[in-house]
Enquirer: 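Sharing a structure below in structure tokens format, with a few things to ask.
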2 protein chains.
Amino acid sequence: MKDNNDMPGHLARRFQQIAVAVFLAEVGDAGFDLTPVQYAALATIKANPGLDQVTLAGLIAYDRTTITGVIDRLVQKGLAERRPSSRDRRARELAITDEGRRKLRKIAPAVESAQRIMLRGLSAKEGEELMRLLRKAIAAGNELSRAPLRDAQV
Amino acid sequence: MKDNNDMPGHLARRFQQIAVAVFLAEVGDAGFDLTPVQYAALATIKANPGLDQVTLAGLIAYDRTTITGVIDRLVQKGLAERRPSSRDRRARELAITDEGRRKLRKIAPAVESAQRIMLRGLSAKEGEELMRLLRKAIAAGNELSRAPLRDAQV
DNA sequence: GGATATTGCTCAGTATGCTGACTATCAGTA
DNA sequence: TACTGATAGTCAGCATACTGAGCAATATCC
């Protein structure tokens, strides 16, 4: 019988579980209340002002049905705004608020610290190699999930 | 600004997202209806007959509040049984049913195939290295999540 | 121009995962 | 034995993720 530790699927789940826990702990200790998912969405909105929800979802590989709730919570916290697009009445344009910008800036050290902590068992070189291999495996499997990564349409 | 692709947390989420999608697709195509989480739980129950829920949770690093629902669904599908322990009236002893054993056996090829597919972008050597690095990072972070991996008490 | 296909978004439903609280039970000790 | 603390399991509540369905609007093709 194959051991769990030989199953990439199990290792993926476990690493992600730890990554989320570390993120929430670091951010929480710094006095903030933002999930990894909300952070990535907010940072991407800031970097691409006026983008619509589908584009945002593609940029961070979230399912479009998931992004609705995530944005709901960002809006409710006053960190982002959702307004109807003038060009396409189906779409919503997203923007970060000043409050959101402030929060992103103040939270940055905790986020960086979290990324370090989740690799703390590895040397710098090993950490790089792990990220390289993950990127490579992810690129090959991108189309296999319902929410693949997509470039922004310019 | 740091790219998502340089954040181990993002890569972790993405890899695990693909891993789950691949698992569900392979198992579903083979005509079965079992999630990765349910599969791991069932396989572990089979390997440790009579174990209680907390022990099971520790062996696969699930939260004890999550395992309740997972077992509910395994029981409902007729794949596992939950009965009160004779030694400890708080605990429930878990066992796999004949049906569960049959299902596990028939599903094995799809599970193995899924593990292969989620590494398909990597050479055999790279796949091994990825698993080694994940194991190492996970070992160092084991205590950081609410549901750490635990050895069975013998 | 009008039928058709596609797209942006939302919703209901289900399955993980977690926090925090609670009950019942057990174990150790005064 | 009575008290105290720890443990097994469950529950309510919240946040991701996904499936599948549906609505409104846009794009495409004849």
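Note on naming: letters A, B, ... go to the chains in the order of the sequence lines (proteins, then strands), and numbering restarts at 1 for each one.
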Enquirer: Looking at D:dT26, does its base get a donor-acceptor pair with the side chain of A:Arg90 below 3.5 Å?
Expert: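 Such a pair does not exist between side chain and base.
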Enquirer: Where the side chain of B:Asp52 is defined as all heavy atoms beyond and including C-beta, which of D:dG9, C:dG8, C:dT10 is the nearest nucleotide?
Expert: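 Closest nucleotide to the B:Asp52 side chain: D:dG9.
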Enquirer: Go nucleotide by nucleotide along DNA chain C from the 5' end; which of A:Thr65 and A:Ala21 gets its closest nucleotide reached first?
Expert: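 So the residue in question is A:Thr65.
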Enquirer: Please tell me which of the listed nucleotides, C:dG17, C:dC18, D:dT10, lies nearest to the side chain of B:Ala147?
Expert: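 The answer is C:dC18, which lies nearest to the side chain.
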Enquirer: Is any side-chain nitrogen or oxygen of B:Arg146 closer than 4.0 Å to OP1 or OP2 of C:dG17?
Expert: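 No, no such contact exists.
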Enquirer: Could you state the atom-to-atom distance from CG of A:Leu51 to P of C:dG8 in whole Å?
Expert: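 After rounding, the reported distance stands at 12 Å.
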Enquirer: Within the 4.0 Å heavy-atom criterion, would you say B:Arg89 contacts the bases, only the backbone, or no part of the nucleic acid?
Expert: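 Contact class for B:Arg89: sugar-phosphate only.
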Enquirer: Given that A:Arg87 and A:Arg73 both sit by DNA chain D, which one's nearest nucleotide is further toward the 5' end?
Expert: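 Closest to the 5' end, via its nearest nucleotide, is A:Arg73.
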Enquirer: Look at B:Gln38 and C:dT16 and indicate whether a side-chain polar atom (N or O) is within less than 4.0 Å of OP1 or OP2.
Expert: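 For C:dT16, OP1/OP2 do have a side-chain N/O of B:Gln38 under 4.0 Å.
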Enquirer: Decide, yes or no, whether a salt bridge links A:Arg150 with A:Glu143 under the criterion of side-chain N to carboxylate O below 4.0 Å.
Expert: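 Result for this pair is yes, salt bridge flagged.
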Enquirer: Mind calculating the distance between CZ (B:Arg83) and P (D:dG9) to the nearest angstrom?
Expert: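 Value for this atom pair: 14 Å.
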Enquirer: Identify which nucleotide among C:dT10, C:dG8, C:dT16 has an atom closest to any side-chain atom of A:Arg92, counting heavy atoms from C-beta outward.
Expert: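 Of the options given, the side chain of A:Arg92 lies nearest C:dT10.
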Enquirer: Does C:dC18 have OP1 or OP2 sitting under 4.0 Å from an N or O in the side chain of A:Gln17?
Expert: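 Result: yes.
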Enquirer: Using a heavy-atom cut-off of 4.0 Å across all strands, would you classify B:Thr66 as base, sugar-phosphate, or nothing?
Expert: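 Base contact.
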Enquirer: So, OP1 or OP2 of C:dT10: does either fall under 4.0 Å of a side-chain N or O from A:Gln53?
Expert: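 For C:dT10, OP1/OP2 do have a side-chain N/O of A:Gln53 under 4.0 Å.
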Enquirer: A:Ala140 and B:Gly121: which non-hydrogen atoms are nearest, and at how many Å?
Expert: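 Taking every non-hydrogen atom into account, CB-CA, 3.3 Å.
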Enquirer: DNA chain D: B:Arg13 or A:Arg64, which has the more 5' nearest nucleotide?
Expert: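 Its nearest nucleotide being more 5', the pick is B:Arg13.
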Enquirer: Rounded to whole angstroms, how far apart are CG on B:Leu34 and P on C:dT14?
Expert: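 Computing the B:Leu34:CG to C:dT14:P distance gives 18 Å.
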Enquirer: Taking B:Lys136 for its side chain and A:Glu126 for its backbone only, find out whether a donor-acceptor pair lies under 3.5 Å.
Expert: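 No, B:Lys136 side chain to A:Glu126 backbone: no donor-acceptor pair under 3.5 Å.
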Enquirer: Could you measure the distance from the OG1 atom of A:Thr97 to the CG atom of A:Leu74? Nearest 0.5 Å is fine.
Expert: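 It comes to 9.5 Å.
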Enquirer: If we only count heavy atoms from C-beta on, is the B:Asp6 to A:Arg135 side-chain gap below 4.5 Å?
Expert: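 When only atoms from C-beta onward are counted, A:Arg135 and B:Asp6 do touch, with a gap below 4.5 Å.
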Enquirer: Is the shortest side-chain N/O distance from A:Thr68 to OP1 or OP2 of C:dT10 below 4.0 Å?
Expert: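 Result: yes.
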Enquirer: Just the rounded figure in Å: distance from P of D:dC11 to CD1 of B:Ile71.
Expert: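 Between P of D:dC11 and CD1 of B:Ile71: 13 Å.
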Enquirer: Indicate, with a heavy-atom threshold strictly under 4.0 Å, whether A:Asp63 touches base, sugar-phosphate, or nothing.
Expert: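 The residue A:Asp63 makes base contact.
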